[in-house]
Amino acid sequence: MESQRRTLVHWFRKGLRVHDNPALERVFSTARASPEKFYVRPIFILDPGILDWMQIGANRWRFLQQTLADLDKQLRQLKSRLYVVRGKPIEVFPQLFKRWQVELLTFESDIETYAQQRDASVQKLARTADVKVDIHCSHTIYNPEVVIAKNLGKAPITYQKFLSIVDQLKIPAVLERPKVLTMNMKPPADELELEDANVYDCPTLEELVKRPEELGVNKFAGETEALRRMADSLGDELWVANFEKPKTAPNSLEPSTTVLSPYLKFGCLSSRVLHKRLREILARQPKHSKPPVSLIGQLMWREFYYTVAAADPNFDRMLGNAYSLQIPWQEKPEHLEAWTHGRTGYPFIDAIMRQLRQEGWIHHLARHAVACFLTRGDLWISWEEGQRVFEQLLLDQDWALNAGNWMWLSASAFFHQYFRVYSPVAFGKKTDPSGDYIRKYVPELAKYPSGCIYEPWKATLSAQREYGCVLGEDYPHRIVNHDVVHKENIKRMSAAYKVNRQVRTGKMEDEEDEQEQISTGKRKARAVGTSAKSKRIKNVA
DNA sequence: GGATCGGTTGTCTAA
DNA sequence: GTTAGACAACCGATC
């Protein structure tokens with residue numbers, strides 16, 4: 001009896017792939033076991049409201065659009081298809097549950113705060129509708145909850161500690177590509193009508209990209225391209241074995257790294273599969289680099305940030321965030337604006353910010369340079385502001401990684417050597433002394449010679465005229481003097497750390513001064529209240 | 001509980 | 001061109 005067939009729904013959110021997708025496989029295998037009982041409907045929910053409120057730039061919308069189109073193609077090869085449902089999840093699901101007679105809903109777990117809330121609501125709706133729910137962890141190699149449990153309920157807050165925990169965990173087996181669905185999947189007539197009317201079709205570029213003038217270079221997206229790019233990157237096994245992140249250039253004209261991050265972010269590429277391939281290669285290469293600098297080390301950084309982020313719903317803000325130091329950043333809209341649009345007057349910084357806006361990807365160390373510049377290095381503007389800009393522009397924007405790295409670079413959490421400040425002049429010169437990267441992305445400086453392209457203010461006015469770019473007219477004067485402000489900011493960081501120490505230990509300033517006076521040696525009174533510290537961690541977990 | 005060590009990827013100068 | 005040490009001194013983990 002056709003009408004009594006029930007539906008198995010896999011809900012795609014991240015994890016936009018068919019390979020190594022346990023929640024999708026659950027639906028496929030259930031249907032294969034009882035083909036007469038079930039329809040399979042893989043869905044993606046597109047909330048038109050998101051187009052307005054989400055900080056997503058045109059390049060990332062295009063990446064999503066192309067990824068969905070590719071996913072639909074992959075599913076059709078498996079004799080299924082992608083159903084793109086327009087609406088809000090909490091409004092869409094009750095209707096779908098009823099109309100499709102849904103038996104089972106599967107999806108991949110997601111630690112992001114808004115996702116957790118959304119998924120809890122959907123699970124409640126499913127319970128009400130008597131729909132079974134099956135959730136799988138497959139976005140990361142290790143389940144953040146399991147790592148936290150293994151570390152006695154607390155997220156490990158150093159990378160080395162994190163590694164020591166996951167070393168004790170079993171690495172889950174990856175899945176083969178699902179087998180083709182062979183049963184007749186033709187839905188009832190009224191549903192067929194909807195399908196014929198293209199109600200569930202993938203979005204077009206026009207539907208998603210509201211400001212096409214913002215589109216830059218097309219970095220092709222989707223699972224097919226992800227797998228091709230992975231194969232390409234891993235083809236040179238010696239390169240893989242010797243990879244050391246700090247030795248790669250942030251300012252090469254072609255990326256010096258794999259650029260797999262956007263595919264990992266959307267889940268077009270399974271991090272578990274990449275991990276497995278890397279381990280296979282290293283097994284064949286007796287001499288190889290190791291975490292934190294190796295390629296596996298890069299994956300482990302992703303795991304680390306997912307784990308710490310999973311333990312704090314306020315991970316993406318300073319206030320109420322148990323990891324983050326509370327620092328009195330300043331509001332300076334004109335400086336923020338200059339940084340955001342690559343008009344700081346520091347060519348290296350501006351080149352990076354312009355590449356970001358055009359291409360949606362910049363090298364990790366380039367992110368370091370501009371993040372340090374915005375926060376503790378030069379502008380003393382909150383990391384949350386930088387996070388917002390990255391969130392909009394990065395193809396690989398990822399809640400946990402973005403927030404975690406911003407805290408790292410601003411020395412708000414995880415990293416504390418705030419006296420190590422990136423120079424907006426010297427850092428880039430190491431890997432690109434001639435300044436070709438700057439000439440590409442800041443073309444107004446193209447005629448500046450290598451000797452002063454990193455510091456155009458050192459050129460005399462007549463030289464500036466000769467190079468066809470006069471400061472203050474064709475390219476901005478530098479908005480701050482790095483040599484001066486970075487030293488002031490180190491002092492500000494020192495003061496901010498001191499205040500945070502006092503708050504943490506419950507010790508007032510005068511008390512500490514008193515203790516300092518009492519102390520006979522040179523050593524400063526360093527308050528290390530273990531009870532207060534453990535309280536801080538408890539708040540996190 | 002105090003001392004020591006290590007921490008993905010700093011810069012600058014001097015030798 | 002490379003490397004060591006100064007800079008001024010942070011944190012978390014460990015013993």
Side-chain angles (χ1 to χ4, degrees), chain A residues 151-152 154-165 243-252 256-257 289-305 308 322-325 327 348 362-373 375-378 401 404-405 407-431 433 454-455 482-502 504-505 515 519-534 536-537 540:
Chain A
N151 194 39
L152 308 174
K154 295 178 281 185
I157 55 171
T158 69
Y159 183 77
Q160 297 301 335
K161 183 74 181 171
F162 172 83
L163 288 184
S164 76
I165 299 295
F243 183 93
E244 290 182 42
K245 188 62 161 281
K247 290 187 178 164
T248 60
N251 47 5
S252 51
S256 56
T257 51
S289 57
K290 291 190 172 61
V293 296
S294 63
L295 277 172
I296 284 185
Q298 305 311 300
L299 272 180
M300 290 302 118
W301 280 105
R302 179 174 181 270
E303 301 287 316
F304 169 73
Y305 283 125
V308 286
Y323 297 110
S324 179
L325 262 73
I327 295 172
F348 180 58
I362 49 179
H363 185 279
H364 186 65
L365 291 180
R367 302 178 197 202
H368 278 215
V370 296
C372 184
F373 188 89
T375 57
R376 65 186 170 86
D378 295 82
L401 277 59
N405 277 308
M407 281 187 267
W408 181 289
L409 261 301
S410 62
S412 298
F414 314 121
F415 171 85
H416 311 280
Q417 289 152 292
Y418 54 77
F419 34 86
R420 291 187 181 174
V421 178
Y422 287 89
S423 161
V425 171
F427 186 63
K429 278 186 187 173
K430 282 191 291 187
T431 42
Y454 282 86
E455 302 157 280
H482 173 78
D483 294 334
V484 176
V485 295
H486 93 271
K487 286 181 185 150
E488 292 171 2
N489 288 345
I490 287 174
K491 291 202 177 78
R492 284 165 125 172
M493 283 305 277
S494 175
Y497 266 77
K498 191 176 178 188
V499 171
N500 277 270
R501 265 201 307 272
Q502 287 161 0
R504 212 168 61 201
T505 57
Q515 195 170 339
S519 163
T520 50
K522 272 194 294 181
R523 184 183 54 80
K524 275 190 187 167
R526 198 180 139 208
V528 187
T530 42
S531 60
K533 225 190 292 182
S534 57
R536 178 164 164 248
I537 301 303
V540 171

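Here is the naming used below: chain letters follow the sequence lines, and residue numbers restart at 1 for every chain.
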Legend entry - Separation between NZ of Lys498(A) and CE of Met493(A), rounded to the nearest 0.5 Å: 15.5 Å

Legend entry - Rounded P spacing from dA14(B) to dA8(C) in Å: 15 Å

Legend entry - Footprint string (nucleotides 9-15 of chain B, 5' to 3'): B base within contact, S backbone only, - free, heavy atoms under 4.0 Å: BBSS---

Legend entry - Whether His486(A) and His482(A) hold their rings parallel, tilted or perpendicular, with breakpoints at 30° and 60°: parallel

Inset, instruction - Please state the C1' separation for the pair dA13(C) and dG1(B) - nearest whole angstrom. - result: 14 Å

Legend entry - Interatomic distance where CG belongs to Leu325(A) and P belongs to dC11(C) [whole Å]: 8 Å

Inset, instruction - Return the value, rounded to whole Å, for the distance between atom CG of Leu299(A) and atom P of dT8(B). - result: 17 Å

Inset, instruction - Send over the distance from Asn489(A) CG to dA8(C) P, rounded to a whole Å. - result: 16 Å

Legend entry - Partner nucleotide of dT9(B) by Watson-Crick or wobble geometry (both distances under 3.5 Å): none

Inset, instruction - Using whole Å, report how far CZ of Arg504(A) lies from P of dC10(C). - result: 11 Å

Legend entry - Interatomic distance where OH belongs to Tyr418(A) and P belongs to dA8(C) [whole Å]: 12 Å

Inset, instruction - Give, for atom CG of Asn489(A) and atom OG of Ser494(A), the distance between the pair rounded to the nearest 0.5 Å. - result: 12.0 Å

Inset, instruction - Could you measure between the two C1' atoms, the one in dA9(C) and the one in dG6(B), and give it in whole Å? - result: 14 Å

Inset, instruction - Calculate the interatomic distance between Gln502(A) atom CD and dC11(C) atom C1'; express it in whole Å. - result: 16 Å

Legend entry - Residue Lys161(A), side-chain atoms from C-beta onward, closest of dG12(C), dT14(C), dA9(C): dT14(C)

Inset, instruction - Using the six-membered ring wherever Trp is involved, compare the ring planes of Tyr497(A) and Tyr418(A) and label them parallel, tilted or perpendicular (cut-offs 30° and 60°). - result: tilted

Inset, instruction - Using Watson-Crick or G-U wobble geometry with both distances below 3.5 Å, tell me the partner of dA14(B), or none. - result: dT3(C)

Inset, instruction - Measure from NZ on Lys498(A) to P on dC11(C) and round the result to the nearest Å. - result: 12 Å

Legend entry - Reference residue His368(A); test ring pair (Phe, Tyr, Trp, His ring centres under 6.0 Å); the match among Tyr422(A), Phe427(A), Phe415(A), Phe348(A): Tyr422(A)

Inset, instruction - Would you please classify the geometry between the Trp408(A) ring and the Tyr305(A) ring as parallel, tilted or perpendicular, with 30° and 60° separating the classes? - result: perpendicular

Legend entry - For dA8(C), the Watson-Crick or wobble partner whose two distances fall under 3.5 Å: none

Legend entry - Gap between atoms OH and P, on Tyr497(A) and dC10(C) respectively (whole Å): 10 Å

Legend entry - dT14(C) and dT8(B), which share atom name P, separated by this distance in whole Å: 13 Å

Inset, instruction - Indicate whether the side chain of Thr248(A) and that of His363(A) have a donor and an acceptor atom separated by less than 3.5 Å. - result: yes

